[in-house]
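Just so it is clear: chains get the letters A, B, ... in the order the sequence lines come, proteins before strands, and each one is counted from 1.
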There are 2 protein chains.
Amino acid sequence: MAANSRLTIATHVLAWLALAQRRGQEVLTSDQVAASVNTNPVIVRRSLGDLRRAGLVTVRHGAGAGWSLARAPEEITLRQVYEAVGAQPPFGLHHTEPNLECPVGRGIRPALSAAYGRVEQAMRRELAATSIADVLRQTLRS
Amino acid sequence: MAANSRLTIATHVLAWLALAQRRGQEVLTSDQVAASVNTNPVIVRRSLGDLRRAGLVTVRHGAGAGWSLARAPEEITLRQVYEAVGAQPPFGLHHTEPNLECPVGRGIRPALSAAYGRVEQAMRRELAATSIADVLRQTLRS
DNA sequence: CTTGCCGTAACATCTTCTGTTGCAGCCAGG
DNA sequence: CCTGGCTGCAACAGAAGATGTTACGGCAAG
């Protein structure tokens, strides 16, 4: 499978909403967002649905509908986006249960889970250090 | 795709080699290793091939062939294993090029690459803090 | 030379992700 | 009240990657 691009899509969407808001555009439709991401509006709606459930964006239904940020871009970190999109952790355990007759097979899964948990905590800490405002600032610089 | 288990397989293999070595068993065949991981010997050989290219294990061909660690278990970190198995980074960029007419679409890829690079560095730092000896010790504790 | 194991290619299967279509639900505005 | 535009969601096709399996050539110790 191709690399997981959900965090990328969601971050792109949020950055675009932030820029539109700054320019005075209150709400954007999923079609307008999809035009920037260059993908299907349903993909964008799926991503925005995740972000809505996490409380990062709000949606207005009916005529004149659309999306807007639920809080300031400085208040949204990539860690929140990462958790909102529910990306799976980078490492998985064995597909098939290891041989429990073997001392390594018996005890390695909790050992690895602990190590992988520490790695994911490190990832989360690093993701929390960047906000949507940071991403947008860096984006407009180029 | 199922979660990526290459790091898990490779670490299991190395821990098993380390334990066998400590017990006086100099070399193990891929069949013996596969019996502990509970998978096909070819999977194990593929993994061991990665580790050999990275200089972490050595192989003996011909009759009486088999594998052994190329250095002490304390000297092998999960970071080295991670780099040996060539796992892809946790986040990918857009599948299709974003709309370059849009200021966000134009500049977001380098901005995200930089942020993702920092995250992967954090992962590597954390992986470097655990060695095969640590994993084996934790494994045998349960 | 025989035998056991490595190295690798080819292939089947499974899973996940992306992208697409279709349709019901909702609500501002006329 | 009704229309139109957009959301929400289910269903499905296609692509990509990973695992698992079989098969076969190559190598070296005995």
How many whole angstroms separate atom [atom1] of [X] from atom [atom2] of [N]?
X     : N      : atom1 : atom2 : result
B/N4  : D/dA18 : CG    : C1'   : 8 Å
A/L7  : C/dC17 : CG    : P     : 14 Å
B/Q88 : D/dA16 : CD    : C1'   : 10 Å
B/F91 : C/dC17 : CZ    : P     : 13 Å
B/R46 : C/dA9  : CZ    : P     : 10 Å
A/I9  : C/dC17 : CD1   : P     : 13 Å
A/H94 : D/dG20 : NE2   : C1'   : 15 Å

Exercise. Please check if A/L51 and A/V59 belong to a single hydrophobic cluster, counting links between Ile, Leu, Val, Met, Phe, Trp and Tyr side chain heavy atoms closer than 4.5 Å.
Key: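 Per the 4.5 Å side-chain linkage, A/L51 and A/V59 are co-clustered.
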
Practice problem: May I ask you to list the residues of residues 20-37 of chain B, by number, that have any heavy atom positioned under 4.0 Å from an atom of DNA chain C? | Solution: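 Listed by number, they are B/T29, B/S30.
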
Quiz item: Considering only heavy atoms, which members of residues 50-57 of chain A lie under 4.0 Å from some atom of DNA chain C?
Solution: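 Under 4.0 Å from DNA chain C: no residue of residues 50-57 of chain A.
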
Practice problem: Map A/L48 and B/N40 onto DNA chain D by nearest heavy atom, then report which one ends up closer to the 5' terminus. | Solution: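 First, find each residue's nearest nucleotide; the 5'-ward one identifies A/L48.
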
May I ask you to evaluate whether [X] reaches the phosphate of [N], defined as a side-chain N or O under 4.0 Å from OP1 or OP2?
X     : N      : answer
A/S5  : C/dT18 : yes
A/H95 : D/dA18 : no
B/R45 : C/dC6  : yes
A/H61 : C/dG25 : no
B/R6  : D/dA18 : yes

Practice problem: Could you give me the CA-CA distance, side-chain angles and deciding distance for A/V135 and A/Q138, then say whether side chain to side chain contact (heavy atoms under 4.5 Å, CB included) is met? | Solution: CA-CA 5 Å; A/V135 172; A/Q138 182 71 27; 5.8 Å; no

Quiz item: How about A/W67 and A/V33: do any of their side-chain heavy atoms sit closer than 4.5 Å?
Solution: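 No, side chains not in contact.
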
Exercise. Using the salt bridge (Lys or Arg N to Asp or Glu O under 4.0 Å) rule, collect all pairs that involve residues 27-50 of chain B, keeping only residues at least two apart or in two chains.
Key: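 Only B/D50-B/R53 qualify under salt bridge (Lys or Arg N to Asp or Glu O under 4.0 Å).
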
Self-check item: Test side chain to side chain contact (heavy atoms under 4.5 Å, CB included) applied to A/L127 and A/T77, step by step
Solution: CA-CA 7 Å; A/L127 286 168; A/T77 68; over 6 Å; no

Would you mind telling me which of [options] lies closest to the side-chain atoms of [X]?
X     : options               : value
A/V42 : C/dG7, D/dC9, D/dG20  : D/dC9
A/A63 : C/dT20, D/dG4, C/dC5  : D/dG4
A/I43 : D/dT21, D/dT7, C/dG19 : C/dG19

Practice problem: May I ask you to decide if the ring planes of B/H94 and A/H12 are parallel, tilted or perpendicular, using 30° and 60° as cut-offs? | Solution: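 Aromatic pair B/H94/A/H12 classed perpendicular.
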
Quiz item: After noting the C-alpha distance and the side-chain angles of A/L7 and B/Y116, does the key distance pass the side chain to side chain contact (heavy atoms under 4.5 Å, CB included) rule?
Solution: CA-CA 10 Å; A/L7 181 61; B/Y116 292 169; 3.7 Å; yes

Self-check item: A/T11 and B/F91: CA distance, side-chain angles, deciding distance, side chain to side chain contact (heavy atoms under 4.5 Å, CB included) verdict
Solution: CA-CA 12 Å; A/T11 306; B/F91 308 122; over 6 Å; no

